[in-house]
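Following: one structure in structure tokens, then a few remarks.
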Amino acid sequence: MNKKTEQQNKINNCMYAMAFKQSVGSTFTYSELREKSGMVCSTNDQREVGRRFAYWIKHTPGLPFKIVGKKNGSLLYKKTGPNPMRHKSNWKGGNN
């Protein structure tokens, strides 16, 4: 198994955050997210993080994303709902 570099982990976490910031119903590719983030890294790191991002979308149940097709050879993702970990109520208990 290939050891992930710290740079790859940073970019990966940034891509997750950028994906959750998309509005519900919007479509995007990994490349569009990377360009919006402004992060610069090597081509190999970009490829590896792109693979990890696609795997995350495909294999994590309960995510508000789905793959809807391809755009210019890249997978096209759609945000289908809000972040499931953001609750409007105070989940720690107590009165709101």
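Residues Q8 and D45 bring a donor and an acceptor atom of their side chains to less than 3.5 Å of each other.
Cluster annotation: Y16 and V24 are assigned to distinct hydrophobic clusters (Ile/Leu/Val/Met/Phe/Trp/Tyr, side-chain heavy-atom contacts under 4.5 Å, transitive). In this structure, V68 is not a member of the same hydrophobic cluster as F28, with clusters built from ILVMFWY side-chain heavy atoms closer than 4.5 Å.
No side-chain donor-acceptor contact under 3.5 Å links S26 to the backbone of Q22.
Taking CE of M18 as the reference point, atom CG of N13 lies at 13.5 Å (rounded to 0.5 Å). If you take OG1 on T27 and CD1 on I67, they are separated by 13.5 Å, rounding to the nearest 0.5 Å. How far SG of C41 is from CD of Q46: 4.0 Å, rounded to the nearest 0.5 Å. One distance of note links CG of N9 with CD of E48; it measures 10.0 Å at 0.5 Å rounding. Atom CG of residue N72 and atom CD of residue E32 lie 9.0 Å apart, to the nearest 0.5 angstrom. For the atom pair S31 OG and K71 NZ, the distance stands at 9.5 Å (nearest 0.5 Å).
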Full working for side-chain contact (heavy atoms from CB on, under 4.5 Å) between S74 and K70: CA-CA 5 Å; S74 299; K70 287 194 172 192; over 6 Å; no

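Nearest heavy atom pair, residue A54 against residue L75, reads CB-CD1, 4.1 Å. Residues G25 and K78 share a closest heavy-atom pair of O-CE, 3.7 Å. In terms of heavy atoms, T29 sits closest to Y77 at CA-CD1, 4.3 Å. Counting all heavy atoms, side chain and backbone alike, V40 lies closest to Q7 at O-NE2, 3.4 Å. For the pair N12 and F53, the tightest heavy-atom approach, listed with the atom from each and the gap, is OD1-N, 4.4 Å. In plain terms, the two heavy atoms of K79 and G81 that are nearest each other are CE-O, 3.0 Å.
In this structure the side chain of R34 reaches within 4.5 angstrom of the side chain of M15, judged on heavy atoms. Between F20 and P64, the closest side-chain pair of non-hydrogen atoms falls below 4.5 Å.
Of the options I57, V49, L76, a side chain to side chain contact (heavy atoms under 4.5 Å, CB included) to Y30 is made by V49 and by none of the others.
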